[in-house]
Undergrad: 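Shown below is the structure under consideration.
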Amino acid sequence: MSSDRYPFGEIEAKWQAAWETSRQFRVSPDTSRPKFYCLEMFPYPSGRIHMGHVRVYAIGDLLARYKWMRGYNVLHPMGWDAFGLPAENAAIEHGVHPAIWTYENIDNMRAQLRKMGISYDWDREVTTCDPAYYRWEQLIFIRMLERGLAYRKRSTVNWCPSCQTVLANEQVEAGRCWRCDSEVTTRDIDGWFFKITEYAEELLAWCDRLPGWPERVMTMQRNWIGKSEGAEFDLPVAGRPGLKLRVFTTRPDTGFGMTYAVLAPEHPLVAALVSGPEERAAVERFQSEVARQSELERTAEDRPKRGLRLTARVVNPFTAAEIPLFVADYVLMTYGTGAIMAVPGEDQRDWDFARQHGLPIVETVERPAGWTGEAYPGDGVKINSGFLDGLAIPEAKRKAIDWLVQHGLGTAKVNYRLRDWGISRQRYWGAPIPVVYCPACGMVPEKEENLPVVLPRDVQLSGKGGSPLAEVAAFVNTACPRCGGPARRETDTMDTFVESSWYFLRYCSPNYDHGMFERAAADYWMPVDQYIGGIEHAVLHLLYARFYTKVLRDLGLTKVDEPFTALLSQGMVIKDGAKMSKSKGNVVDPDDLIRTFGADTARLFSLFAAPPEKDLDWNDHGVEGASRFLNRVWRFVVPHAEELLTAPPARAGAATRSSNTTSTAEGRAFRRTIHETIARVTHDIEHDFHFNTAISAIMELVNAIYAFEPAARDRMPAGERAALLREAVETVLLLLGPFAPHVTEELWERLGHRGSLFKQAWPVADPLALKRDDVTVVLQVDGKVRGRLTVEVDAAEARVQDLALADDRVQAWLRGRAVERVVVVPNRLVNVVTRA
RNA sequence: GCGGGCGUGGCGAAACGGAAAACGCGAUGCCCUUAAAAGGCAUUGUCCGCAAGGACGUGCAGGUUCGAGUCCUGCCGCCCGCACCA
């Protein structure tokens with residue numbers, strides 16, 4: 001393919017070994033320097049890294065190395081999200097124990113990552129399936145149990161028939177399992193929950209206080225939490241004194257438009273409301289029909305609403321009228337009270353249902369002129385609403401709630417869409433839930449001194465369903481921690497998202513054995529200053545980790561309110577129009593890439609091809625371009641090294657040299673290019689994460705070096721030329737270092753430096769070098785570019801205007817027209833506005 | 001339906017309201033070479049023109065402005081999240 005390629009294989013191995021031997025990226029708390037905690041989402045040890053990993057770790061390493069050079073004490077750790085179903089499925093299919101499978105995969109992936117040359121502190125490696133890790137999670141589980149933040153209940157849960165386990169709401173995507181894409185069903189089952197709803201308000205409030213997060217992710221979290229404010233109140237059942245139906249609404253102002261009410265099919269009051277065996281039979285038939293529907297069917301688009309009218313009627317407290325009562329599938333038991341007041345005038349769902357069943361529709365908001373729609377959800381003046389008539393909606397809401405309170409019918413009420421986090425999994429490869437069921441004492445937490453409850457090694461994994469731990473007699477049969485009598489252990493394991501909800505805290509003191517983490521270490525390092533990962537975790541991991549951190553704070557373990565100050569959400573890696581995947585056959589193997597082009601090229605291309613938040617379109621030719629660029633740098637530096645060494649080290653970028661080092665205009669212009677590049681690259685990394693444009697700027701500087709070198713040969717003294725070239729080359733190496741660390745480290749050494757490039761200070765643009773004498777000003781006539789003009793920087797506006805008007809080309813366009821005004825934008829342009 | 005984002009060359013992409021397309025890929029031509037690879041140089045939005053130059057050009061239609069890819073209004077299209085959430 002290519003002949004003159006720099007020896008990346010040797011160089012990369014050399015510097016990876018050197019960084020490791022010198023323990024360069026091993027860190028400890030140091031209060032004399034600012035800290036920077038840079039973290040990429042840790043991987044699931046699937047066995048091989050893929051291009052998505054390459055991309056996210058290239059981004060993380062760029063930021064970490066950049067921060068090192070800016071003088072920060074950088075924590076940059078790596079570990080393994082090691083529990084989870086693939087290990088168990090591999091065991092079922094291939095008969096290999098999940099632990100063996102997982103640890104082998106970790107070894108493979110660690111070796112692959114090392115070949116990328118990422119600046120990890122490998123002493124801090126954390127593996128979540130290690131009992132020394134999950135024992136602390138079990139301890140916190142017991143603390144949460146004591147505080148009522150972990151609880152057990154029987155409920156209808158999402159069930160993946162393929163994974164044979166419960167799924168949390170966050171793990172169901174459009175009715176399908178997030179991991180295996182099977183259609184999700186429901187089950188009534190006992191399980192453990194974390195009370196994330198208790199933190200709904202705080203999680204929501206902090207969405208406005210994390211400016212370092214992408215708006216898109218915050219919006220998704222806000223929507224997921226789904227706060228709605230309104231009222232809850234009672235509808236008396238007609239002719240049944242004492243029997244009331246409680247409803248929730250966000251529009252209490254529409255009470256006068258309530259023409260019927262609806263119960264969810266599963267509502268506990270349904271049984272009490274049916275009259276006679278015939279209606280009971282009909283209702284039960286309806287209930288079982290609804291129950292049979294899968295999640296997918298229930299959420300299908302344009303699904304007609306189905307309902308059954310009961311004989312019982314309720315009273316609309318606003319109008320005192322008796323209104324019909326329905327059981328219908330469009331009302332969900334899981335939200336609000338499971339019953340609604342129906343206002344067809346202002347709610348489209350109610351409107352549809354009312355039309356279907358011939359129910360009256362009362363409008364309680366004045367329609368805007370020309371309104372042709374059906375239900376009207378918008379703002380307006382209240383009508384047909386008794387004491388609310390004439391009010392605007394917000395005022396009417398307040399007044400309606402006051403009225404409900406005064407009459408003892410209801411209260412203001414806030415509801416959230418967020419549900420408690422179901423963490424029980426009926427699978428083996430996870431952290432055991434540390435509780436015991438005793439016939440005498442009931443559910444009892446394991447004693448703290450008995451932790452960890454170790455996941456037993458010997459287990460039969462059949463894939464037939466049911467918790468595999470239930471078959472392990474030695475695990476299940478235990479003594480009650482309270483009375484000592486025979487008891488059974490909990491056989492469910494914890495959702496793997498529990499482990500990933502605190503691993504970033506464990507990294508602060510990974511070997512600490514008196515608790516989850518050492519307080520002082522966490523106080524020093526936390527929060528994570530920059531977190532980097534895929535958008536797919538926008539509401540899963542990122543919401544759970546925020547919740548768990550707040551729980552740990554309330555348990556007095558940490559002082560931070562939020563785990564991640566800033567989040568960079570990187571896009572997917574795409575090839576041929578689709579996400580890289582084995583099934584599509586469009587996978588690029590990072591190992592092949594590193595073997596062919598080197599890790600530096602793989603990293604540089606990942607950072608150059610697109611800004612990090614966008615999807616990256618993989619292009620083999622583009623990779624060659626990245627490789628070509630690094631070769632171009634190499635080919636300049638190596639042959640010129642001797643010549644460059646004749647010049648004193650530039651201490652590139654440090655604002656210590658004055659611009660008069662060079663006397664020629666070419667020299668000054670070249671030096672300005674060097675320092676403009678420093679400013680651009682720094683800005684692009686620091687402000688927008690625009691690594692692609694930062695690389696462009698470095699490429700331009702390299703192009704300028706290639707153009708300057710021969711041009712300067714006869715125009716200035718050799719010493720001056722060498723000094724300028726040395727400053728330029730060293731600047732390129734310093735700026736390029738975080739993007740392509742191995743080749744730059746090697747060239748840095750070849751320029752006679754001892755000590756790592758990454759211990760050098762990041763260059764700072766010299767203001768004197770940036771100074772220009774003159775600028776090109778664009779000349780416009782009526783907004784169209786007609787010429788250019790070179791004038792001294794900051795020339796007086798009057799002078800620039802005179803020069804512009806005197807310009808031949810401008811004059812030609814002014815012929816026959818009168819100048820109406822002249823707009824002068826200093827150092828940029830002159831626009832001459834004319835009229836006929 | 002609700003919320004968010006995005007529409008720019010052949011492609012990936014750039015562009016504080018001020019020169020649209022930087023940088024890279026691809027393509028074409030030339031140089032080097034016995035030849036190729038590698039490398040170097042040049043050209044590369046469309047149309048008119050020998051040229052100088054001109055007209056057009058950032059999904060569509062308007063608006064604000066001396067000036068709009070960028071701001072505003074309304075459409076069209078695509079992507080993502082949530083979804084009978086009362």
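Here is how names work: the chains are called A, B, and so on, in the same order as the sequence lines, proteins then strands, and each is numbered from 1.
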Undergrad: Tell me what A/Arg680 touches on the nucleic acid: a base, only sugar-phosphate, or nothing, going by heavy atoms under 4.0 Å.
TA: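 If one applies the 4.0 Å heavy-atom cut-off, A/Arg680 turns out to touch nothing in the nucleic acid.
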Undergrad: What does B/G45 pair with, Watson-Crick or G-U, if both distances are under 3.5 Å?
TA: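 Paired with B/G45, as far as the under-3.5 Å criterion goes, is B/C56.
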Undergrad: What does A/Asp350 touch in the nucleic acid at a heavy-atom separation under 4.0 angstrom: a base, only the sugar-phosphate, or nothing?
TA: nothing
Undergrad: For B/C25, give the paired nucleotide (Watson-Crick: N1-N3 plus N6-O4 or O6-N4; G-U: N1-O2 and O6-N3; both under 3.5 Å), or none.
TA: B/G10
Undergrad: Between A/Phe8 and A/Phe597, does the ring centre distance come in under 6.0 Å?
TA: no
Undergrad: Given the side-chain rings of A/Phe605 and A/Trp618, with only the six-membered ring counted for Trp, is the space between their centroids under 6.0 Å?
TA: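 They qualify: ring centres under 6.0 Å apart.
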Undergrad: Would you kindly say whether A/Thr834 and A/Arg817 are connected by a side-chain donor-acceptor distance under 3.5 Å?
TA: yes
Undergrad: Could you tell me whether A/Val833 contacts a base, only the sugar-phosphate backbone, or nothing, with contacts defined as non-hydrogen atoms closer than 4.0 Å?
TA: sugar-phosphate
Undergrad: Provide the distance between the two P atoms, one in B/G77 and one in B/G40, to the nearest whole Å.
TA: 47 Å
Undergrad: Would you say A/Lys227 has more than 12 foreign heavy atoms packed within less than 6.0 Å of its NZ?
TA: yes
Undergrad: For the base of B/A19, is there a side-chain donor-acceptor partner from A/Arg788 under 3.5 Å away?
TA: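 For A/Arg788, whose side chain was compared with the base of B/A19, there is a donor-acceptor pair (under 3.5 Å).
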Undergrad: Are A/Asn692 and B/A22 close enough that a side-chain N or O sits under 4.0 Å from OP1 or OP2?
TA: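 No, because none of the side-chain N or O atoms of A/Asn692 sits under 4.0 Å from OP1 or OP2 of B/A22.
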Undergrad: Using a 4.0 Å heavy-atom cut-off across all strands, classify A/Arg306 as base, sugar-phosphate, or nothing.
TA: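 Counting heavy atoms under 4.0 Å across all strands, no contact is made by A/Arg306.
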Undergrad: If I take atom CG in residue A/Asp688 and atom P in nucleotide B/C16, what distance separates them, rounded to the nearest angstrom?
TA: 9 Å
Undergrad: If I take atom CD in residue A/Gln570 and atom P in nucleotide B/C80, what distance separates them, rounded to the nearest angstrom?
TA: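 Computing the A/Gln570:CD to B/C80:P distance gives 17 Å.
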Undergrad: Between B/C23, B/A15, B/C25, spot the one nearest the side chain of A/His621, thanks.
TA: B/C25
Undergrad: Using a 4.0 Å heavy-atom cut-off across all strands, classify A/Gly226 as base, sugar-phosphate, or nothing.
TA: nothing
Undergrad: Indicate whether OP1 or OP2 belonging to B/A19 is found under 4.0 Å from a side-chain N or O atom of A/Arg786.
TA: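 So the side-chain polar atoms of A/Arg786 never come under 4.0 Å of the phosphate oxygens OP1 or OP2 of B/A19.
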Undergrad: Nearest to the A/Thr693 side chain among B/A15, B/G53, B/C23, which nucleotide is it?
TA: B/A15
Undergrad: Closer than 4.0 Å, any side-chain N/O of A/Arg216 to the OP1 or OP2 of B/G5?
TA: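 No.
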Undergrad: Would you call A/Glu676-A/Arg680 a salt bridge at under 4.0 Å N-O?
TA: no
Undergrad: Taking only the side-chain heavy atoms of A/Val823 (C-beta and beyond), determine which of B/G12, B/G54, B/C66 contains the nearest atom.
TA: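 Taking heavy atoms from C-beta onward, the closest nucleotide is B/C66.
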Undergrad: If you look at every heavy atom in A/Ile705 and A/Leu725, which pair is closest and at what distance?
TA: CG2-CD2, 4.0 Å
Undergrad: Looking at every strand, decide which applies to A/Gln780 at a 4.0 Å heavy-atom threshold: base, sugar-phosphate, or nothing.
TA: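 Base contact - A/Gln780 has a heavy atom under 4.0 Å of at least one base atom.
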Undergrad: Between B/G7 and B/G12, how far apart are the P atoms? Round to whole Å, please.
TA: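 Their P atoms lie roughly 12 Å apart.
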Undergrad: Using a 4.0 Å heavy-atom cut-off, does A/Val785 contact any base of the nucleic acid, only the sugar-phosphate backbone, or nothing at all?
TA: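 Counting heavy atoms under 4.0 Å across all strands, the contact made by A/Val785 is with sugar-phosphate only.
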Undergrad: Who does B/C50 pair with, Watson-Crick or G-U, both distances under 3.5 Å?
TA: none
Undergrad: Should A/Lys784 be listed as having a side-chain N or O under 4.0 Å from OP1 or OP2 of B/C56?
TA: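 Yes.
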Undergrad: Please check the phosphate of B/G40 (OP1 and OP2 only) for any side-chain N or O of A/Arg632 closer than 4.0 Å.
TA: yes
Undergrad: Can you tell me how far C1' of B/A38 sits from CG of A/Asn631, to the nearest Å?
TA: 9 Å
Undergrad: From B/A13, B/A86, B/A83, pick the nucleotide closest to the side chain of A/Ala610?
TA: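 Of B/A13, B/A86, B/A83, B/A13 is nearest to the side chain of A/Ala610.
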Undergrad: Give A/Trp813 one of three labels, base, sugar-phosphate or nothing, depending on what nucleic acid heavy atoms sit under 4.0 Å from its own.
TA: sugar-phosphate
Undergrad: For B/U73, what is the paired nucleotide under Watson-Crick or G-U wobble rules, both distances under 3.5 Å?
TA: B/A61
Undergrad: Distance check: side-chain N/O of A/Arg628 vs OP1/OP2 of B/C25, anything under 4.0 Å?
TA: yes
Undergrad: Can you see if the side chain of A/Thr219 gets near the phosphate of B/G81 - specifically, an N or O under 4.0 Å from OP1 or OP2?
TA: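 A/Thr219 to B/G81 OP1/OP2: no side-chain N or O under 4.0 Å.
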Undergrad: If I compare all heavy atoms of A/Val365 with all of A/Gly378, which pair ends up nearest, and what's the gap?
TA: CG1-O, 4.2 Å
Undergrad: Partner of B/A15 by Watson-Crick or G-U wobble geometry, both contacts under 3.5 Å, or none?
TA: none
Undergrad: Taking the six-membered ring for Trp, is the centroid-to-centroid distance between A/Tyr260 and A/Phe353 below 6.0 Å?
TA: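 Ring centroids of A/Tyr260 and A/Phe353 are less than 6.0 Å from each other.
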Undergrad: To the nearest angstrom, how far is A/Ile225 atom CD1 from B/C82 atom P?
TA: 14 Å
Undergrad: Measure from CZ on A/Arg828 to C1' on B/C16 and round the result to the nearest Å.
TA: 7 Å
Undergrad: Hey, does A/Ile698 have a side-chain heavy atom less than 4.5 Å from the side chain of A/Phe739?
TA: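 A side-chain contact exists here, since the closest heavy-atom pair is under 4.5 Å.
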Undergrad: Which nucleotide sits closest to the side chain of A/His690: B/G24, B/A15, B/G67?
TA: B/A15
Undergrad: Name the closest nucleotide to the A/Asn703 side chain, picking from B/G24, B/C25, B/A22.
TA: B/G24
Undergrad: Can B/G9 be described as syn, meaning its chi torsion is within 90° of 0, or is it anti?
TA: syn
Undergrad: Could you tell me which nucleotide pairs with B/C32 by Watson-Crick or G-U wobble geometry, both distances under 3.5 Å, or answer none if nothing does?
TA: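 Its partner is none (no Watson-Crick or G-U wobble pair with both distances under 3.5 Å).
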Undergrad: Nearest of B/A15, B/G18, B/C82 to any side-chain atom of A/Trp224?
TA: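 Looking only at heavy atoms from C-beta outward on A/Trp224, the closest nucleotide is B/C82.
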Undergrad: For B/C82, which nucleotide in any strand shown is its Watson-Crick or wobble partner with both distances under 3.5 Å?
TA: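 Because both required distances fall under 3.5 Å, B/C82 counts as paired with B/G1.
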Undergrad: Is a donor-acceptor contact shorter than 3.5 angstrom present between the side chain of A/Asn223 and the base of B/C82?
TA: no
Undergrad: Expressed in angstrom and rounded to an integer, what is the separation of A/Arg176 atom CZ from B/C82 atom P?
TA: 14 Å
Undergrad: Answer with base, sugar-phosphate or nothing: what part of the nucleic acid does A/Thr334 contact at a heavy-atom distance below 4.0 Å?
TA: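 The residue A/Thr334 makes no contact with any strand.
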Undergrad: Between A/Phe636 (CZ) and B/G39 (C1'), how many Å, whole number?
TA: 15 Å
Undergrad: I need the CG-C1' distance between A/Asp684 and B/A15, as an integer number of Å.
TA: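 One finds 12 Å between C1' of B/A15 and CG of A/Asp684, rounded.
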Undergrad: Could you say whether A/Glu215 or A/Gly336 is positioned toward the 5' end of RNA chain B, judged by the nucleotide with the nearest heavy atom to each?
TA: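 By nearest-heavy-atom nucleotide position, the 5'-most residue is A/Glu215.
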Undergrad: Which part of the nucleic acid, if any, lies within contact of A/Val331, taking any heavy atom under 4.0 Å across all strands shown: a base, the sugar-phosphate backbone alone, or nothing?
TA: base
Undergrad: Taking for each residue the nucleotide of RNA chain B with the nearest heavy atom, is it A/Leu616 or A/Phe608 whose nucleotide lies nearer the 5' end?
TA: A/Leu616
